[in-house]
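Notes follow once the structure below has been shown.
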Amino acid sequence: MISTAVLLLRNAWRADPRRILTAAGFALGGALAGPLIAAALATMTGAVLTGRPAVAAAAGAAVAVLAVAALTCSHFGHVFWFELSELAELDFDRDLAALSNGSDGIAHHERAELADRFTLLQRESRQFHTGLGAVLGLGGLLLAVPVTAVLLARVSPLLLFLPLAVLPPLAAARLAERVLDRSRTAAAEPIRVARHLFGLVTSVQYAGELRVAGAGGHLLDRHAALWRTATGRLTAGQVRAAGIRAAGQALFALAYGAAVLVAVDRAAGAGTVVLVVALAVQVNAQVTSAVALVRDLQRIDTAYRHADEVRAAVAGTGGTGDGEVPDRLRAGITLDGVSFRRPGADRPVLSDVHLTLPAGATVAVIGENGAGKSTLIKLLCGLYRPTTGRILIDGVDLRDIPAARWRERLSAGFQDHVRFEFPVREAVGVGDLPRLGDEPAVRDALSRAGAEALVDALPRGLDSPLGTAHADGTGLSGGQWQRLALGRAFMRRTPLLLVLDEPASALDPDAEHRLFDRYAAQASAVAARAGAITVFVSHRFSTVRTADLIVVLRDGRVAEAGDHDSLLAAGGAYAALYAVQAAAYR
Ligand SMILES: Nc1ncnc2c1ncn2[C@@H]1O[C@H](COP(=O)(O)OP(=O)(O)OP(=O)(O)O)[C@@H](O)[C@H]1O
């Protein structure tokens, strides 16, 4: 926890040294005012009772000034540290985003325990606005407690034990926070799933299907059940934590009662009794705030610990070598005995895949649902790493190439593409960030994706905002979103590998056919320039048959590979599938 406090202070210092110093000054001043008020009150009472009006008036004025100072310090201190705390929250959110999206691969995202950690971290990041205040408050207490102790010791050394009575409630608070942490961890999974269900029920995208199926009520019932499970676990944790805290406070209450008895027993005068009672109240307030401040700080400590766990899980998912990506592909991409198994899965998704994708070729990957087509695409993109085997780019192992370097030479259109609710030029331009504002490049990509007519029909052309995030945004159909995603995939000028995972599943067959005709002509130009390989997944054989190489996957293995004519002649799985689809169109 001390390291967390130091980290928060260091970050605040880095952000604005003057601001944090001023906030610390106010925190210390405010903390000191408390015991001094008790001392001034005692002096005032003694002076009144012994008939010294001038001293009583001065002490009374001091009480008033100190009380105002305490309030002022707390108010202005808050103003100074609040913004720094907001920055700490922003920093942590950025860290989270980097952890979530900044890793080389994506396989760790598919692990449930990591998803739970992220759920917790998102909740915990909301605690950051209290962190700096807690550190400064505890700093103030470090000053106020000894001053209070000295004042108490002057009455009786026995009273020195009163601040020690702070320890049981503090220890109890630590223990209680650990109990709460365990209950929050236990509740993370039901909360995550419940949020997912709530997202489904409230999503415009799925509204139609859920209405027709009448599944909305069912999902809400499951959501409520999960929420009840989560709340039950959290409440059980809260009850246990409250019991532990109450036990700590009870020990302090005993010490408090004993202190007042000592004061009454040793009282040299009414002023001293007032001093002890006021200081005992101070100690009580100090304990209560110490408990709250420690709890706040401990939550942030927990957040950092959880973030470290995620960081450790994410580390090591990236490439380590310093291999170069060739300017142009000469031989091609080779999969040499590639297998892939997800952590914790009992069987591999891909097994012992041997394939050569020649430079300049168009490769179609086909197979039944779940055969491993998308997994193969993600392996080629370096988003997953082979569990065994190698992927060689012109002979260089992909493992030895830094992920960022390889990705710069990729273009991808994914099945579950992003629907960027931006103006069209940006929604497409993000496919090649350096050319985000390059209108001719965006128009060219749109034309290759067959989306120029779609954009021309929009009220503000390339500047038309898309989606419901904008008041004047235009809603698009699934196929129209897909055309824009394709446009995005076509933004990069010289990719070495273009992957298209069911890029036209939402297009009508005619549109898909035209798209691939147009694409094939351009692909051969890029292929001639850079030896670029296009790998696409499609279930439509009218498109698949045009590929130079067709790879048929079955149960994660390559069942057949070859061009259309040779596969038909072989009379295997491809020929059978082709015959079924051809018959359906006859
Ligand atoms: N996110 C995931 N987490 C765990 N397992 C997964 C995940 N995605 C896919 N799988 C598993 O990997 C296998 C291969 O999935 P993949 O998406 O590669 O198949 P596919 O051939 O592209 O299927 P489709 O034609 O349905 O898109 C599936 O059988 C599934 O069991």
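Whatever order the structure lists them in is the order used to number ligands and atoms, beginning at 1.
Heavy-atom contacts of Asn369 reach the following atoms of ligand 1: 23 (O), 24 (P), 25 (O), 26 (O) (cutoff under 4.0 Å). Close approach of ligand 1 to Val349 (heavy-atom distance below 4.0 Å) involves ligand atoms 12 (O), 13 (C), 14 (C). Within the listing of ligand 1, atoms 21 (O) sit less than 4.0 angstrom from a heavy atom of Glu368. Listed by atom number, the atoms of ligand 1 under 4.0 Å from Ala371 heavy atoms are 19 (O), 21 (O). Within ligand 1, counting atoms from 1 as listed, the ones closer than 4.0 Å to a heavy atom of Thr375 are 14 (C), 15 (O), 16 (P), 18 (O).
Within a 4.0 Å radius of atom 31 (O) of ligand 1, the protein has no heavy atom.
Between Arg443 and Glu452 there is no salt bridge, since no side-chain N of the basic residue sits under 4.0 Å from a carboxylate O of the acidic one. A salt bridge is defined here as a Lys NZ or Arg NE, NH1 or NH2 lying under 4.0 Å from an Asp or Glu carboxylate O, and Arg330 with Asp394 fails to meet this definition. A salt bridge does not link Glu408 to Arg492: none of the charged nitrogens lies less than 4.0 Å from a carboxylate oxygen. By the 4.0 Å N-to-carboxylate-O rule, Asp181 lies close enough to Arg305 to be salt-bridged with it.
Closest protein heavy atom to atom 25 (O) of ligand 1: Lys373 NZ, 2.7 Å.
In the candidate list Gly372, Gly370, Ser374, Ser374 is nearest to atom 17 (O) of ligand 1, counting heavy atoms. Nearest-heavy-atom check against atom 3 (N) of ligand 1 across Arg342, Arg341, Arg347 picks out Arg342.
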**OP:** Take Asp444 and Arg493, measure what side-chain contact (heavy atoms from CB on, under 4.5 Å) needs, and give me the verdict at the end.
**Re:** CA-CA 10 Å; Asp444 180 48; Arg493 254 187 303 213; over 6 Å; no

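In this pair, Tyr574 and Phe541 present their aromatic rings tilted. The plane angle is within the 30 to 60° band.
Counting non-hydrogen atoms of neighbouring residues, nucleotides and ligands closer than 6.0 angstrom, the CZ atom of Arg328 exceeds 12 such neighbours.
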